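A quick write-up on the structure given underneath.
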Amino acid sequence: MDPNPSPFPDSGIAPSSQAGGEPAGDAAVTAPGQVAGRIVLAATPIGNAGDASARLVELLATADIVAAEDTRRLHRLVQNLGVTVAGRVISYHEHNEAAKTAELLDQVRAGKTLVMVTDAGMPSVSDPGFRLVEGAVTAGLTVTAVPGPSAVLTALALSGLPTDRFCFEGFLPRKAGERASRLADLAGERRTMVFFEAPHRLEAMLRALRERFGPERRVAVCRELTKTYEEVIRGSLDDLLQWAESTEVRGEIAVVLAGAPEQAAGTPEDHVAAVNELVAQGIRLKEAVAAVAEDVRVSKRELYSAVLAAR
């Protein structure tokens, strides 16, 4: 039985290799005079259907193929939007990406417009879609996007933490040892960090963050963004861990963590060793001085003089 039964009729796609038809996979080519189609990554609402763009509505109604992470979720979305999907709807998720990607690319080679949607937000960002884009780029096929709602950017904007530089880390590993190793890699990260987490694992995640980054590091937990019960809880890691321990957390979760505080610059002489280490790796002296000076925020001229004086 299909683990993701489709509410849409005729939701399969034609086989990509039949007797007398085009060969499948990389061997399939666009016939002379035929224009290849395109892949459109289409962002869907992260909670409020009213956030759907007019372009998304138009594409869902006109695309030849709609590849959906969960066809049941797509069915609910198009019902809310009052859209009738005229094209074929297929299920395309992490468990069948490898098997279906080649067939989908063949359809695009044949001139079809393929729209990729996930349960919420932009495809390929912690969601299916990367394999499809990777294959299309390799094959020289057109890939474009219809931008829209993003849980990452929404959480970042609402967090109250610096937004000028940030990084997205997705879901941390579930196993404690692997999670600790990943957090160790982020120990010196100065940019604001955005994570996703399941509600039943949030308490363990916040505890691991506190152990690695300290109880006073600022954090925001963003829950059910754009939905009726949207909630953003801000404070220290210690504050939010206590909140998670005393609350039954539900819904979609994004966690935004402040980056590491900047260290005192010190004197140029304090950073001579760092420059020499880069030079030993084959980097030119002036480039090594510039890199270290920018990182620790000291004068390039004074650092260069300090390096020469130490020789």
Side-chain angles (χ1 to χ4, degrees), residues 41-53 69-70 73 77 93-94 117-130 145 147-174 178-180 182-183 185-186 189-213 215-260:
L41 304 179
T44 53
I46 60 176
N48 190 323
D51 293 333
S53 70
E69 181 181 8
D70 186 330
R73 294 281 291 268
L77 175 63
H93 46 75
E94 62 176 333
V117 294
T118 57
D119 292 348
M122 177 61 71
S124 83
V125 181
S126 278
D127 277 330
F130 171 73
S150 165
V152 176
L153 296 181
T154 303
L156 179 68
L158 294 178
S159 68
L161 298 173
T163 60
D164 54 337
R165 298 178 67 231
F166 70 94
C167 60
F168 174 57
E169 289 293 325
F171 287 90
L172 289 173
R174 298 184 183 186
E178 295 176 2
R179 183 171 58 221
R182 174 79 65 80
L183 293 178
D185 291 339
L186 296 172
E189 179 59 68
R190 293 184 183 176
R191 295 172 294 180
T192 300
M193 293 164 271
V194 184
F195 303 87
F196 287 160
E197 191 52 278
H200 64 279
R201 293 197 298 268
L202 179 63
E203 182 181 332
M205 177 200 187
L206 292 172
R207 184 172 290 106
L209 292 179
R210 187 182 67 172
E211 290 175 359
R212 169 53 60 181
F213 301 111
E216 298 304 317
R217 181 74 68 92
R218 290 186 297 158
V219 66
V221 171
C222 306
R223 190 182 71 83
E224 294 289 86
L225 292 171
T226 77
K227 299 179 183 178
T228 301
Y229 298 105
E230 174 180 292
E231 184 177 23
V232 180
I233 305 95
R234 307 173 183 87
S236 68
L237 278 169
D238 203 42
D239 292 335
L240 267 70
L241 178 57
Q242 292 180 37
W243 167 80
E245 290 172 338
S246 61
T247 304
E248 183 181 359
V249 182
R250 296 180 180 180
E252 303 283 341
I253 302 291
V255 177
V256 187
L257 181 70

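These numbers were taken from a predicted model, which means no experiment stands behind them.
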- [ ] Take T154 and I46 through the side chain to side chain contact (heavy atoms under 4.5 Å, CB included) test and state the conclusion after the steps.
- [x] CA-CA 10 Å; T154 303; I46 60 176; 4.1 Å; yes
Looking at every non-hydrogen atom in both residues, tell me the closest pair between [X] and [Y] and how far apart they are.
X    : Y    : result
V219 : V255 : CG2-CG1, 3.7 Å
E224 : G251 : OE1-CA, 3.1 Å
C222 : L225 : CB-CD2, 3.8 Å
A155 : A254 : CB-CB, 3.7 Å
M122 : A145 : CE-CB, 4.4 Å
V221 : L240 : CG2-CD2, 3.3 Å

Gap separating the [atom1] atom of [X] from the [atom2] atom of [Y], nearest 0.5 angstrom:
X    : Y    : atom1 : atom2 : result
T118 : H93  : OG1   : NE2   : 13.5 Å
E178 : L183 : CD    : CG    : 12.0 Å
S159 : M193 : OG    : CE    : 11.5 Å
R218 : F213 : CZ    : CZ    : 14.5 Å
F196 : L172 : CZ    : CG    : 12.0 Å
E94  : E69  : CD    : CD    : 7.5 Å

- [ ] Indicate yes or no: does E203 engage R201 in a salt bridge with an N to O separation below 4.0 Å.
- [x] no
Side chains of [X] and [Y] in contact at under 4.5 Å (non-hydrogen atoms):
X    : Y    : answer
V256 : L158 : no
T192 : L257 : no
N48  : K227 : no

Side-chain donor-acceptor distances from residues 161-170 under 3.5 Å, at least two apart:
none

- [ ] Give the intermediate values and the outcome of side chain to side chain contact (heavy atoms under 4.5 Å, CB included) for residues R207 and E245.
- [x] CA-CA 10 Å; R207 184 172 290 106; E245 290 172 338; 2.9 Å; yes
Task: Among D238, L209, D239, L241, side chain to side chain contact (heavy atoms under 4.5 Å, CB included) partner for P215 - done: D238
Open item on the list: With a 3.5 Å distance limit and no angle check, can you tell me whether R210 reaches the backbone of E216 through a side-chain donor-acceptor pair?
Closed with: no
Task: Exam field: side chain S246 to backbone W243, donor-acceptor pair closer than 3.5 Å - done: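 Yes, S246 side chain to W243 backbone: donor-acceptor pair under 3.5 Å.
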Open item on the list: If the condition is salt bridge (charged side-chain N to carboxylate O under 4.0 Å, His left out), which residues does R191 pass it with, not counting sequence neighbours?
Closed with: E189
Open item on the list: Before you tell me yes or no, could you show the steps for R73 and L77 under side chain to side chain contact (heavy atoms under 4.5 Å, CB included), namely the whole-Å CA-CA distance, both residues' side-chain angles and the distance that decides it to 0.1 Å?
Closed with: CA-CA 6 Å; R73 294 281 291 268; L77 175 63; over 6 Å; no
TODO: For V232 and R223, run side chain to side chain contact (heavy atoms under 4.5 Å, CB included): C-alpha distance rounded to whole Å, both residues' side-chain angles, the deciding distance at 0.1 Å, then the answer.
DONE: CA-CA 6 Å; V232 180; R223 190 182 71 83; over 6 Å; no
Open item on the list: Looking at E197, I want to see if its CD is surrounded by more than 12 non-hydrogen atoms of other residues, nucleotides or ligands under 6.0 Å.
Closed with: yes
